[in-house]
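All heavy atoms count here, side chains included; hydrogens, waters and symmetry mates do not. Chain naming here is simple, since letters A, B, ... match the order of the sequence lines and numbering starts at 1 in each.
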Number of protein chains: 2
Amino acid sequence: MPRVTLLDVSRHAGVSRATASLVVRGSPRVAPTTAARVREAIVELGYVYDRAAANLRQSRSMTLGLVMTDLSNPFFAELTMAFEHDVHEQGYTLFIGYTRDDLDRQARTLSAMVERRVDGVCLLPALGTTEASLAPLDSQHVPTVLFTRHLGGGRPYVGADNVSAGRMLGEHLRSLGVRHLAFVGGQETSSRRERVEGLLAGAGDDVRIDLPPIYSPSSTVGGAQAVSQLLDAGILPDAVVAYNDVIAMGVNVALWERGLEPGRSIALAGFDDIRIAAGQVPGLTTVATRSEEVGRSCAELLLGYLGGEPPAPRTVLEEPELRIRASTGLWRPRMETS
Amino acid sequence: MPRVTLLDVSRHAGVSRATASLVVRGSPRVAPTTAARVREAIVELGYVYDRAAANLRQSRSMTLGLVMTDLSNPFFAELTMAFEHDVHEQGYTLFIGYTRDDLDRQARTLSAMVERRVDGVCLLPALGTTEASLAPLDSQHVPTVLFTRHLGGGRPYVGADNVSAGRMLGEHLRSLGVRHLAFVGGQETSSRRERVEGLLAGAGDDVRIDLPPIYSPSSTVGGAQAVSQLLDAGILPDAVVAYNDVIAMGVNVALWERGLEPGRSIALAGFDDIRIAAGQVPGLTTVATRSEEVGRSCAELLLGYLGGEPPAPRTVLEEPELRIRASTGLWRPRMETS
DNA sequence: CTGAAAGCGCTTACAG
DNA sequence: CTGAAAGCGCTTACAG
């Protein structure tokens, strides 16, 4: 059976297609009685608006793309929910794609979205992404906002203020009396560099900081392996700082397994304050990097960008917040070295 | 500047639009030299295929919808990743939406996808969903597969075998010597009923089972509140079984805070085996309900369904697997009652 | 294997 | 406020 179209509706209601079209879009320029007749016809015929066809004509799709590496870090699940909420309210439907930090996959995903004429894209760039990687978006003038990782260029970007987050944690640990800390896990990204930079600044010169080249995926397994590498290298700091909470959770388990008691015999902290981090034993000290605010700002920046010029400000840095819990709060220096 | 279309490409290559169209779709019916000339033109002009326009003509969109309540449970993040992987490989792009267990939001989300002519939808139905709620999908003949929660009808469905999962856990706890267990958390859903049913069967008649009407959202906070309600009601079982792992993580914290040591003084278990559960202290005993397999089966069932009749089998139950960890593995009966 | 024409379902000027 | 015509960018028969 053929699809019911706007032409069928207009005939049934005794008006032209143009009029019916205005009614479905809620135009006030149609007489109320006419509009009512059209709406009746819609119900009687079981008509469903074909936004895809409308979009072809209007050359916009009312869809947005959200592309990230993966969801194994709940931070991105939280961000996704906030982003989806805000754009859904504006009538947009969301395309989603996961690059798994693979450049080919990222290219295919972005192309697929561009071919479907997305109106805009929020992207967490995969490792190794360059400005050139984004040519498929730029050549079609698809407004793009980066989040969490930036490329160093002037492209619109939303993220936590990672330098500030690192500094807060560094200051906290120093004030506890930590004299030796190590940083582990994460990938070689802008946000990792920024967190380390802040940590160094916050801890100050009195604190010895080990920055072994120990990277890891954002998983508990990755965290456990990272801290094992650290300990196997003979490094036993007062405090371990993990690149993020998921990694810190893995560090936590590995420390327990080695007979260390996080929060007592060794301090432990992460970044992000994923909701699940408060449900850890011991409760995990962390710096909230505002998943929901980042998602919301991405939506706001992108929506403001649509059909217009790149927005000002082009960079939004969310203010982090230190959340002190038992994983550092109970730790005390083993002995005074002064 | 106007968009580069297939007409521009065909002119530039000296062929007709139809021929150019065949080339972009990789048809073998075009002479190789002609095809090469067209491909050159595409590159030279910077042409981008407009799949949205193609889809209008073909009346299919090469998009699928994945609709669930939310991502606060990592189980659904894992499922999403697996589903996305498989459908991406088949050339589909994914629309996503979160209902937050709200029927209105679910209706709006499904309508938005239907208006955009999705080829198929995988849905975790919000609480209160009836067959009638799915009329927007059915009236447009959008193939639909349910997951995690079913409606009792014959609609295609993928989920874990929750009865079996409950039974495994019940048998495990009984074999440990647990004589009194309580089940807490979760919503009033098909999967909760099934888990409870299996648990009762597995534990047998010798085990006293408390099923207080304590429901909760899938969050650590929800879990902490649920177990507090239990304990405040004066119930102190040998073992607490939570509806899922996220809730169990909250139970874990609340038990510690009350001076109970999960895994020692009280046994604790959940369901799902979310990846992060292994990174708990103590390690959480759970029944894996196969997030990735569920996602994969959803993709397979839905793709098989597209353009054809509803698939057989219409129901796929993934086999669960018991994962014993310290949260029950270290527990021993306090005294013999025989 | 290639080309001219019609059509997917809508919206957009332009007359009236 | 309403209607007839053209067009969004593609694909699909149908001739050749």
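- Between the CG atom of L56(B) and the P atom of dG7(D) there is a distance of 17 Å, given to the nearest Å.
- With rounding to whole Å, R57(B) atom CZ is found 5 Å from dG7(C) atom C1'.
- As the counterpart of dA13(D), no nucleotide is assigned, since no Watson-Crick or G-U wobble pattern has both distances under 3.5 Å.
- Straight-line distance from the CE atom of M62(B) to the C1' atom of dC8(C): 18 Å, rounded to whole Å.
- With the nearest nucleotide of DNA chain C identified for both T34(B) and A53(A), T34(B) has the one nearer the 5' end.
- If you check dA13(D), dA4(D), dT11(D) against the side chain of A18(B), the one that comes closest is dA13(D).
- The backbone N or O of L127(A) lies less than 3.5 Å from a partner atom in the side chain of D101(A), making a donor-acceptor pair.
- Residue T19(B) is classed as a sugar-phosphate contact, given heavy-atom separations below 4.0 Å to backbone atoms only.
- The R25(A) side chain lies nearest to dT11(C) when the options are dT11(C), dT2(D), dG3(C).
- When the P atom of dA4(C) is taken as reference, atom CG of L6(B) falls 14 Å away, rounded to whole Å.
- Contact between the side-chain N/O atoms of T5(B) and the OP1/OP2 oxygens of dC8(D) is not found at any separation under 4.0 Å.
- Judged by distance alone, with hydrogens and angles left aside, the side-chain atoms of S61(B) form a donor-acceptor pair with the main-chain N or O of R117(B) at under 3.5 Å.
- For the pair Y47(A) OH and dG9(C) P, the computed distance is 10 Å after rounding to whole Å.
- Checking the phosphate oxygens (OP1, OP2) of dG9(C), no side-chain nitrogen or oxygen of S59(B) falls inside 4.0 Å.
- At the phosphate of dT12(C), OP1 or OP2 sits under 4.0 Å from a side-chain N or O atom of Q58(A).
- Summarising the local packing, CD of E300(B) is surrounded by 12 or fewer heavy atoms from other residues, nucleotides or ligands at distances under 6.0 Å.
- Rounded to an integer number of Å, the gap from CZ of R11(A) to P of dA4(D) is 11 Å.
- Residue R3(A) has a polar side-chain atom (N or O) positioned under 4.0 Å from OP1 or OP2 of dG9(C).
- Regarding R29(A), its CZ atom lies at a distance of 13 Å from the P atom of dC14(C), rounded to whole Å.
- Atoms CZ (R117(A)) and P (dT11(C)) sit 18 Å apart, rounded to a whole Å.
- The neighbour count for Q140(A) CD, taken as heavy atoms of other residues, nucleotides or ligands under 6.0 Å away, is above 12.
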Criterion ring-ring contact (aromatic ring centres under 6.0 Å, His included) on F147(A) and Y157(A), from CA distance to verdict: CA-CA 5 Å; F147(A) 63 94; Y157(A) 165 76; 8.8 Å; no

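- Base pairing annotation: dA4(D) forms no Watson-Crick or G-U wobble pair, as no partner gives both donor-acceptor distances under 3.5 Å.
- Nucleic acid contact for A54(A): sugar-phosphate only, since backbone atoms but no base atoms lie under 4.0 Å from a heavy atom of the residue.
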